[in-house]
Amino acid sequence: MNLRTTISNANSDVRQRRRSAVKHAVSKSLRRHWQLYLLVLPPVVYFIIFKYVPMANAVLAFKDYNVIKGIWGSPWVGTKYFEMLFRNPAFATLIKNTLYISFYQLIVGFPVPILLALALNEIKSAKFKKTVQMVTYAPYFISTVVMVSIIMLFLSPRLGIVNTIAGALGFEAVNFLGEPGLFRSIYVFSDVWQSMGYSAVIYLAALSGIDPSLYEAARVDGASRLQKILNVDLPGILPAAVIILILSVGNIMAVGFEKIYLLQNPLNLSASEIISTYVYKMGLLNANYSFATAVGLFNSLINLILLLTVNAAAKRLSNTSLW
């Protein structure tokens with residue numbers, strides 16, 4: 001009994017010393033680097049207030065929301081709204097459209113910035129390189145509303161420049177935004193054009209961090225430009241590419257709401273109605289907040305599962321992951 005008491009007291013003393021050491025280290029770090037902690041404080045507060053605190057209101061998906069009673073005073077209904085979602089005739093179409101557009105965007109949009117960065121890295125003229133960077137980077141700063149207006153003006157069946165040129169060549173005018181089969185391509189390729197320059201900056205930064213001795217060794221070995229790209233450049237940017245791929249797959253269900261909603265019309269609705277636009281229409285326009293929350297929670301759960309799966313696969317295959 002005395003031995004047990006002695007061991008317990010010793011363990012308690014060790015834990016107390018460890019806590020004291022941790023507190024001392026934290027206090028010392030705060031005093032020495034208080035400027036850095038002060039710099040980090042605003043984004044931390046932002047995420048706590050606007051990202052983590054609202055998570056508590058996800059219980060709305062399991063309640064029959066009443067405006068007078070409020071979120072926490074409304075009665076519980078269990079999985080009623082999830083069952084409504086799965087029985088909804090539009091559910092299969094929503095999932096299909098969301099996944100179709102997301103994977104289409106990932107397949108087309110993921111390699112384009114890499115190819116652009118590799119091409120820019122091979123340009124010897126600094127002036128021409130900066131010009132190309134500026135031209136490809138500038139569209140990123142165009143707002144979504146302005147981008148949609150540009151798309152509509154270019155693809156207008158009567159006055160659009162595309163149909164004007166097609167008419168001059170003897171082709172009939174096409175209502176591009178009225179064709180469900182063309183909607184996905186219009187969305188994806190316009191998004192790639194707008195974001196490829198911005199995304200390429202990350203890969204250019206990764207390329208600039210490659211050890212110059214590797215290029216010298218490749219040159220000594222007589223490697224061609226293609227061999228240098230395959231054996232030096234691509235392995236050098238692989239960790240950054242894997243991280244971006246994981247994040248992209250983690251957001252596979254979170255297709256850009258604003259742009260799709262603004263491009264929607266009754267003619268292309270069969271191909272453009274996705275989960276986020278459906279949540280907006282059900283939650284805000286139809287005031288069915290509980291059902292919209294259930295749909296959004298289901299969407300977030302799918303994103304989480306995809307993120308965890310891809311992160312685990314990347315960690316096993318390439319030893320590169322988010323955690």
Side-chain angles (χ1 to χ4, degrees), residues 93-94 96-120 131-169 171-204 241 244-245 247-281 299 303:
T93 302
L94 293 174
K96 183 189 73 173
N97 289 341
T98 303
L99 291 176
Y100 195 121
I101 294 175
S102 298
F103 280 108
Y104 191 1
Q105 187 176 20
L106 181 64
I107 292 170
V108 176
F110 179 71
V112 170
I114 297 177
L115 296 175
L116 177 61
L118 293 173
L120 288 172
T131 302
V132 174
Q133 279 186 280
M134 183 187 68
V135 170
T136 56
Y137 192 85
Y140 181 78
F141 296 100
I142 301 175
S143 69
T144 303
V145 175
V146 175
M147 175 56 65
V148 171
S149 300
I150 292 173
I151 294 172
M152 289 181 172
L153 288 173
F154 270 67
L155 301 180
S156 172
R158 294 185 59 189
L159 302 175
I161 187 172
V162 175
N163 277 310
T164 301
I165 295 174
L169 296 174
F171 296 99
E172 294 184 1
V174 178
N175 185 6
F176 290 97
L177 293 177
E179 293 288 338
L182 297 176
F183 177 84
R184 301 182 183 105
S185 297
I186 292 171
Y187 173 82
V188 169
F189 283 99
S190 62
D191 188 74
V192 170
W193 171 75
Q194 186 177 10
S195 61
M196 66 178 181
Y198 175 80
S199 302
V201 172
I202 301 173
Y203 298 111
L204 285 171
I244 293 173
L245 179 61
L247 294 174
S248 299
V249 174
N251 289 318
I252 205 75
M253 301 289 285
V255 188
F257 158 76
E258 298 90 350
K259 188 175 178 182
I260 287 186
Y261 183 73
L262 292 172
L263 287 172
Q264 272 185 356
N265 60 56
L267 296 176
N268 63 33
L269 201 60
S270 61
S272 63
E273 188 74 294
I274 59 173
I275 290 178
S276 57
T277 58
Y278 188 73
V279 168
Y280 171 76
K281 293 173 182 177
N299 192 34
N303 273 334

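All heavy atoms count here, side chains included; hydrogens, waters and symmetry mates do not. In what follows, residues are counted from 1 in the order of the sequence shown. From a predicted model like this one, the values you see are computed outputs, not experimental measurements.
Judged purely by atom type and a 3.5 angstrom limit, Asn163 uses its side chain to pair as donor or acceptor with the backbone of Val174. A donor-acceptor distance shorter than 3.5 angstrom exists from the side chain of Thr164 to the backbone of Gly160, with no hydrogens or angles considered. No donor-acceptor pair under 3.5 Å is formed between the side chain of Gln105 and the backbone N or O of Val188. No side-chain donor-acceptor contact under 3.5 Å links Ser156 to the backbone of Met152. Counting only distance, with no hydrogens or angles, the side chain of Thr136 and the backbone of Gln133 share a donor-acceptor pair below 3.5 Å. At distances below 3.5 Å, at least one donor-acceptor pair connects side-chain atoms of Thr98 with backbone N or O atoms of Ile275.
Note that NZ of Lys96 and CD1 of Ile101 are 10.5 Å apart. Values are rounded to the nearest 0.5 Å. Taking CG of Leu177 as the reference point, atom CD1 of Ile186 lies at 5.0 Å (rounded to 0.5 Å). Atom CZ of Arg184 is separated from atom OG of Ser102 by 11.0 Å, given to the nearest 0.5 angstrom. In this structure, CD1 in Ile244 is found 7.5 Å from CD1 in Ile114, a value given to the nearest 0.5 Å. Taking CG of Leu120 as the reference point, atom CG of Leu115 lies at 11.0 Å (rounded to 0.5 Å). We find the OH-OH distance between Tyr261 and Tyr280 to be 4.5 Å, quoted to the nearest 0.5 Å.
Glu179 and Asn268 are not linked by any side-chain donor-acceptor pair at a separation below 3.5 angstrom, with hydrogens and angles left out of the test. A donor and an acceptor atom, one from each side chain of Tyr140 and Ser199, are nowhere located under 3.5 Å apart.
Counting heavy atoms from C-beta outward, Val249 and Asn303 have side chains that stay 4.5 Å or more apart. The side-chain heavy atoms of Asp191 and Met147, taken from C-beta on, include no pair separated by under 4.5 Å. Counting heavy atoms from C-beta outward, Ile151 and Lys259 have side chains that approach closer than 4.5 Å.
Heavy atoms only, all atoms of each residue included: Ala200 and Leu116 are closest at CB-CD2, 3.8 Å. Here the shortest heavy-atom pairing between Tyr137 and Val201 reads CE1-CG2, 3.6 Å. Counting all heavy atoms, side chain and backbone alike, Leu263 lies closest to Tyr187 at CD1-CD1, 4.5 Å. Scanning both residues, Gln194 and Pro139, for their nearest heavy atoms gives CG-O, 3.1 Å. Across Ala117 and Leu204, no two heavy atoms sit closer than the pair O-CD2, 3.5 Å. The minimum heavy-atom distance between Thr277 and Glu273, with the atom names listed, is OG1-OE1, 2.6 Å.
The number of heavy-atom neighbours closer than 6.0 Å to OH of Tyr198, taken from other residues, nucleotides and ligands shown, is 12 or below. Annotation: Tyr104, atom OH; neighbour count of heavy atoms from other residues, nucleotides and ligands within 6.0 Å is above 12. Atom CG of Leu269 has more than 12 neighbouring heavy atoms from other residues, nucleotides or ligands inside a 6.0 Å radius.
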Q) Which is it for Ile260 and Phe183 under the side-chain contact (heavy atoms from CB on, under 4.5 Å) test, yes or no, and what are the steps along the way? A) CA-CA 9 Å; Ile260 287 186; Phe183 177 84; 4.1 Å; yes
(Q) Could you go through Val148 and Glu258, starting from their C-alpha distance and side-chain angles, then the distance that decides it, and tell me whether this counts as side-chain contact (heavy atoms from CB on, under 4.5 Å)? (A) CA-CA 9 Å; Val148 171; Glu258 298 90 350; over 6 Å; no
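Between Phe110 and Tyr203, the angle of the ring planes goes over 60°, which puts this pair in the perpendicular group of the 30/60° scheme.
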